[in-house]
Amino acid sequence: MNPKFLVALALTMLLALVLVACGDNTATTVPATTAAATTTKAATTAAGTTAAAATTAAGTTAAATTAAAATTTAAGTAAASVTPPGGYKVTASVTLTGSGATFPDPTYQQWLKDFVAVNPSVKLTYTGVGSGAGRKSFFAGETDFAGSDGYPTDAEIADYKKPILTIPMTLGAVVLAYNLDGVTTLKLSPETIGAIYTGKVTKWNDAKIAAENAGVTLPALDITLAVRQDDSGTSSVFSNWLAEVSPDFKALNAAGSTPKWEAAGLNPVKAPKNDGVTGLIKQTKGTLGYIESSYAQANNIPYALIKNPAGNYVNASVEAISAAALGGSVPANLKLKVTQSADAKAYPIASTTWIIIPVEIATKDKADALLRFLWWATQDSAPIEAAKKLGYAPLPTAVQDKVRATLLTVTSGGTPVLK
């Protein structure tokens, strides 16, 4: 062996012993890292991801490093630790179209923008047209996926004649927004809301509302109800919650995605989509309407605190929405129930919103891009934080786990897409 090498090695070992003896803990204890591994780690760090921690002495592949880097959005948020096989990077040029629920539309539009920013070969669009219209387009083969706050009906699934998957994407809340001068805080119980939506309470200063709002000056105005005119998942969530908490409303058999408000003797004003009902509330004093919470927040419209089963009047905060989904089992079909949670902190009119996709997707490149988007949106810290800023809550860990397992079952040509 070369004597000069032996001398150099001996000096290196002696220096290491001196540093340890002096208590210098900053020196690396593994100086034998290969040049390849060092290069990989440096490249990963430069990309701003946390994937360097997974780099072994043999180094990671360039594809894995690139995919990990792609999970970081323009906001610079670090990627989540759980990624799909091959990461989030899409190299094929594909076009994906979806339509449906307006309930999650604000966060979907943000997600599409962020995902496409790091995957410019993907053209990904989503149009908020209402849950019913979105499901109709999907089941007719006109779109690649549908967004829906209402779970597909048995008839829709049977008519489609092909297996589908329903992927929970995020959690939101239906709020009762109102337009009353000088009223910044309003409390409503399920009993009072049930009385309003069965025509038993018609004035804002009714004794039932006043009893829950001591110290609040309520006007002697008629309550104008604003509702959806289209087939709506938001309507389904709200009206089915009403049937759950109000025996009088349940007896009308009026709940559904197109509720039969007239069965209660009501004559509401109607508009399409969440933003349409939001507009009705903003323009008319005395109006009460149900909309997704992010629309109320974006338009600075006040909305009521709702009394939950524990007896607490709760605001539709991200934390209260998250609490509604805690506990309970995760069904195999991912049809989650999050209304009327027993959690004392939970907002009672919370909702899951789903993306509907086929189990078998003919075009492999489309399938690959769509699955990586769905995995990223439901699992990665960047889109989850972006959604929280818009008022949407992340899926519980147990649901995220089930979503990942479900996405792995999607096939193209009979072969799993994500291997």
Exercise for the section: Give the ring-plane orientation class for Phe115 versus Phe373, where under 30° counts as parallel, over 60° as perpendicular and anything between as tilted. Expected result: perpendicular
Exercise for the section: Could you walk me through whether Lys345 and Asp343 pass salt bridge (charged side-chain N to carboxylate O under 4.0 Å, His left out), step by step? Expected result: CA-CA 5 Å; Lys345 298 179 181 179; Asp343 191 296; over 6 Å; no
Problem - Leu165 side chain reached by Val410 side chain, heavy atoms, under 4.5 Å - result: yes
Problem - Residue pairs fulfilling side-chain hydrogen bond (donor to acceptor under 3.5 Å, both in side chains) with at least one residue in residues 410-419, sequence neighbours excluded - result: Glu360-Thr411
Practice task
Using a strict cut-off of less than 4.0 Å between a Lys/Arg side-chain nitrogen and an Asp/Glu carboxylate oxygen, indicate whether Lys273 and Asp230 qualify as a salt bridge.
Solution key: no
Practice task
Taking atom types as modelled, find out whether Arg228 and Ser235 have a side-chain donor-acceptor pair closer than 3.5 angstrom.
Solution key: no
Exercise for the section: Could you tell me whether the side chain of Thr409 and the main chain of Thr406 form a donor-acceptor pair under 3.5 Å? Expected result: yes
Handout entry: Close aromatic pair by centroid cut-off 6.0 Å: Trp261 and Tyr197
Key = yes
Practice task
Measure the shortest side-chain to side-chain distance between Val216 and Thr185 over non-hydrogen atoms and say whether it is less than 4.5 angstrom.
Solution key: no
Problem - Inter- and intrachain pairs under salt bridge (charged side-chain N to carboxylate O under 4.0 Å, His left out), touching residues 288-315, at least two apart - result: none
Completion exercise
In Thr192, Ile193, Val314, the residue satisfying side chain to side chain contact (heavy atoms under 4.5 Å, CB included) with Ile306 is Ile193
Exercise for the section: Starting at OG of Ser341, measure out to CD1 of Ile321 and round the result to the nearest 0.5 Å. Expected result: 12.5 Å
Handout entry: Salt-bridge contact Arg372-Asp368 (side-chain N to carboxylate O under 4.0 Å)
Key = yes
Exercise for the section: Compute whether any side-chain donor of one residue and acceptor of the other, for Thr353 and Asp149, lie under 3.5 angstrom apart. Expected result: yes
Exercise for the section: Evaluate the side-chain proximity of Pro106 to Ser294: yes if any heavy-atom separation is below 4.5 Å, no if none is. Expected result: yes
Exercise for the section: Return the set of residues passing salt bridge (charged side-chain N to carboxylate O under 4.0 Å, His left out) with Lys388 (not counting sequence neighbours), or none when no residue passes. Expected result: Glu385
Practice task
May I have all residue pairs that pass salt bridge (charged side-chain N to carboxylate O under 4.0 Å, His left out) and include part of residues 245-265, sequence neighbours excluded?
Solution key: Lys200-Asp248, Glu262-Lys270
Handout entry: Side-chain donor-acceptor pair present, Glu244, Thr339, cut-off under 3.5 Å
Key = yes
Exercise for the section: Please collect all ring-ring contact (aromatic ring centres under 6.0 Å, His included) contacts where either partner lies in residues 312-369, sequence neighbours excluded, each pair once. Expected result: Tyr151-Trp354
Practice task
Applying ring pair (Phe, Tyr, Trp, His ring centres under 6.0 Å), name anything that partners Phe139, two or more places apart in sequence or on another chain.
Solution key: Tyr160
